[in-house]
Amino acid sequence: MLCVLTRSASRTCLVKPCLLLSPVSVVQICDRSLVHQESLPKLPVPPLKQTCARYLTALEPLISPEEMEHTRKLVQEFQLPGGVGDRLQKSLERKARKTENWVSDWWMQSAYLDSRMPVAMYTSPGVVLPRMHFQDRQGQMSKTLPVEYLGGKPLCMDQYYQVLSSCRIPGPKRDTVLNYAIGKTSPTHITVVHNFQYFILDVYNSDGSPLTVDQIYVQLEKIWNSSLQTNKEPVGILTSNHRNTWGKAYNNLIKDKTNKESVRAIQKSIFIVCLDAPKPRVSDEMYHNKVAAQMLHGGGSRWNSGNRWKKTEMVRTPMIPLPMPLKLRFNITPEIKKDIEKAKQNMNIMVHELDVRVLNFTHYGRKFPRSHKLSPDAFIQIALQLAYYRMYQTCCPTSESASLRMFKLGRTEAIRSTTTESLQFTRAMYEPSKPNSEKAMLLEMAIKVHREHTHMAIHGQAIDRHLLGLKMVAIEDLTSLPEIFMDTSFAVASHFNLFTSQVGSKTDCVMCFGPMVPDGYGVCYNPMDDHINFAVTAFNSCEETNATKLSMFLEDALLDMKTLMEQVSKASV
């Protein structure tokens with residue numbers, strides 16, 4: 001039974017995902033997941049004129065009238081019948097007819113494999129689960145987490161196949177992904193790491209039956225007890241480097257036969273379990289901030305950045321004896337030692353660089369906007385717009401992640417939360433003379449537009465993936481990019497100062513990730529019935545951003561919007 005995905009595209013050694021999975025055949029997971037897979041529709045290609053019109057609408061609150069006029073002319077020329085946009089659109093439609101998903105490969109390439117930034121913080125999110133009080137390591141490894149399911153409509157399950165037994169290999173210009181589950185023989189082991197030491201734990205018996213939870217627990221105890229010393233080189237910290245730097249270190253590492261065999265064993269494992277060293281105690285006020293940072297980067301080279309930073313929790317019952325898990329060996333040459341020292345320095349810089357603030361907003365949750373027949377997600381997104389406007393007296397490009405999993409091989413699309421309507425509302429909140437009824441009307445209109453954008457996004461009719469597809473076709477088919485993609489307005493629209501995502505959960509947890517741009521914020525939130533968990537991140541090196549300050553403005557915005565709706569409701573009675 002699949003318990004919980006704790007890391008996505010982890011930055012760990014060989015970038016294996018860290019996953020908590022109770023013993024079950026991977027084949028069984030795939031069989032259950034394939035039930036609706038073939039009946040899923042293909043991702044549509046939106047009409048060119050529709051995307052062009054919505055692109056201009058998205059730009060309206062972000063650029064000056066002069067810039068808008070220039071961009072409008074470029075867009076009009078781009079979409080002329082027989083013009084460059086028309087030709088790219090037809091090429092895209094041909095690809096959509098011939099492939100299962102016309103954007104999935106391009107998205108993987110542009111969003112992940114082409115990115116040379118460190119995976120930690122820039123790509124991989126972390127999840128902060130409800131606080132648990134462990135007295136010792138036995139307690140640490142004897143809890144279970146509830147299973148969460150995506151209910152309702154059948155959704156694409158392809159990403160589950162990509163997570164298990166997969167790894168991301170660094171390259172000089174682009175990374176590659178290997179999936180060892182595809183083949184005649186699927187892997188039967190996981191990797192466990194404790195105190196920078198790596199162990200291969202077979203989770204299947206020779207007859208193909210999975211180990212029991214009790215057996216896995218005992219094996220983890222053996223690993224823990226045999227790796228109490230921390231005087232080992234943190235080889236895993238190499239993976240936290242800039243991808244080009246990690247690629248060079250990777251090639252140095254696998255020159256040695258023993259190292260290469262250990263690396264391959266990690267690559268082929270189903271997933272990685274991280275047994276972290278305890279961090280120093282902090283105040284209750286700072287607890288969630290520190291834990292969120294721990295999930296993102298491990299706390300630095302002195303702590304768990306060279307380890308793996310997820311625990312595994314199992315239930316203990318009687319068991320049969322099993323052999324000691326195999327400990328992997330690494331020969332640390334002076335060249336590899338030098339790479340590790342550089343990686344330690346770079347990771348410590350990144351740890352100091354990222355500011356993480358968790359806001360547990362306890363004044364109300366999703367039930368309040370619902371009581372006013374308003375979308376909780378849209379309500380929160382407009383609150384983010386108000387908070388940012390109050391902090392900077394302007395709006396900014398904002399992206400909210402939407403799922404495309406109702407389509408075969410669907411990944412994500414962007415909901416553009418900054419709209420003309422959201423800007424009108426945020427400006428109205430600055431005008432004391434404007435009646436509350438008008439402010440509430442503008443709020444409701446902004447929420448309505450956001451819901452429309454959400455509906456378009458999840459149904460494959462948003463603009464960002466379509467524009468990416470047109471751009472990628474141009475790169476492949478043309479000698480030069482069309483002017484629409486070279487325009488400064490396109491750069492402005494793609495610079496998401498607010499990079500946001502709702503990660504709703506039945507569990508009282510919160511996900512966190514780093515900003516998308518140097519002068520931006522990463523904002524993730526989990527709306528519960530009576531409270532909302534936020535994680536806000538920013539880079540300390542940017543003088544213009546401040547995660548703590550934005551969190552305070554966000555709390556005030558949510559309170560003011562509640563007061564506004566209550567006052568208007570009271571006045572209408």
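We number each residue from 1, following the sequence as shown. Since this is a predicted model, take the numbers as computed values, not measurements.
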Response to the item:
With sequence neighbours left out, the residues meeting side-chain hydrogen bond (donor to acceptor under 3.5 Å, both in side chains) with His242 are none
Item to complete: For the residue pair Gln461 and Gln50, confirm or rule out a side-chain donor-acceptor distance under 3.5 Å.
Response: yes
Discussion item. Any non-hydrogen side-chain atom of Cys395 less than 4.5 Å from a side-chain atom of Pro61?
Written reply: yes
Worksheet entry | Residue pairs, two or more places apart or on separate chains, that pass salt bridge (charged side-chain N to carboxylate O under 4.0 Å, His left out) and touch residues 494-504 | none
Discussion item. Under a 3.5 Å threshold, yes or no: a donor from one side chain and an acceptor from the other, between Thr418 and Thr398?
Written reply: yes
Fill in: Salt bridge present between Lys562 and Glu566 (N-O < 4.0 angstrom)
yes
Worksheet item: Do side-chain atoms of Asn526 reach the backbone of Ser505 as a donor and acceptor pair under 3.5 angstrom?
Response: yes
Fill in: Main-chain N/O of Glu483 paired with Asp487 side-chain donor or acceptor, under 3.5 Å
no
Discussion item. Would you say Thr51 and His466 are linked by a side-chain donor-acceptor pair, where the criterion is simply a distance under 3.5 Å?
Written reply: yes
Fill in: Option among Ser422, Ser417, Ser375 that satisfies the side-chain hydrogen bond (donor to acceptor under 3.5 Å, both in side chains) test with Gln381
Ser417
Fill in: Partners passing salt bridge (charged side-chain N to carboxylate O under 4.0 Å, His left out) against Asp560 (at least two apart in sequence or in another chain)
Arg390
Discussion item. Would you say that more than 12 heavy atoms from the other residues, nucleotides or ligands in this model lie under 6.0 Å from the NZ of Lys342, or not?
Written reply: no
Discussion item. Given 3.5 Å as the limit, does a donor-acceptor pair link the side chain of Thr537 with the main chain of Phe513, or not?
Written reply: yes
Discussion item. I need the full list of ring pair (Phe, Tyr, Trp, His ring centres under 6.0 Å) pairs touching residues 412-449, with sequence neighbours left out, sorted by first then second residue.
Written reply: Tyr389-Tyr430
Item to complete: Report, as yes or no, whether the 6.0 Å neighbourhood of atom CD on Glu543 holds more than 12 heavy atoms from other residues, nucleotides or ligands.
Response: no
Worksheet item: Excluding sequence neighbours, so at least two apart, what forms ring pair (Phe, Tyr, Trp, His ring centres under 6.0 Å) with His459?
Response: His455
Worksheet item: So, does Asp355 use its side chain to make a donor-acceptor pair with the main chain of Phe539 at under 3.5 Å?
Response: no
Fill in: Contact list for residues 449-469, test salt bridge (charged side-chain N to carboxylate O under 4.0 Å, His left out), sequence neighbours left out
Glu413-Arg465, Arg416-Asp464, Lys448-Glu452
Worksheet item: What pairs meet the salt bridge (charged side-chain N to carboxylate O under 4.0 Å, His left out) rule with one or both residues in residues 62-85, with sequence neighbours excluded?
Response: none
Fill in: Side chain proximity check, Asn497 to Tyr521, heavy atoms < 4.5 angstrom
no
Item to complete: Kindly indicate whether the side chain of Cys52, heavy atoms from C-beta on, has any atom under 4.5 Å from the side chain of Phe78.
Response: yes
Response to the item:
By ring pair (Phe, Tyr, Trp, His ring centres under 6.0 Å), Phe407 pairs with (sequence neighbours left out) none
Response to the item:
Residues pairing under salt bridge (charged side-chain N to carboxylate O under 4.0 Å, His left out) where one sits in residues 526-539, two or more places apart or in two chains, turn out to be Arg366-Asp529, Lys367-Asp530
Discussion item. Can a donor-acceptor pair be found, under 3.5 Å and without considering hydrogens, that links the side chain of Ser494 to the backbone of Ala491?
Written reply: no
Worksheet, complete the sentence: Sorted by chain and residue number, the ring pair (Phe, Tyr, Trp, His ring centres under 6.0 Å) partners of Phe379 (sequence neighbours excluded) come out as none
Worksheet item: Regarding Gln89 and Glu93, is there a side-chain donor-to-acceptor distance under 3.5 Å anywhere?
Response: yes
Item to complete: Using a 4.5 Å cut-off on heavy atoms from C-beta on, say whether the side chain of Met561 contacts that of Leu443.
Response: yes
Practice prompt. Using ring pair (Phe, Tyr, Trp, His ring centres under 6.0 Å) as the criterion, list what pairs up with His372, not counting sequence neighbours.
Written response: Phe368
Practice prompt. State whether the side chain of Thr71 and the backbone N or O of Met68 hold a donor-acceptor pair below 3.5 Å, judged by distance alone.
Written response: no
Response to the item:
Applying side chain to side chain contact (heavy atoms under 4.5 Å, CB included) to His363 and not counting sequence neighbours gives Phe361, Glu555, Leu559
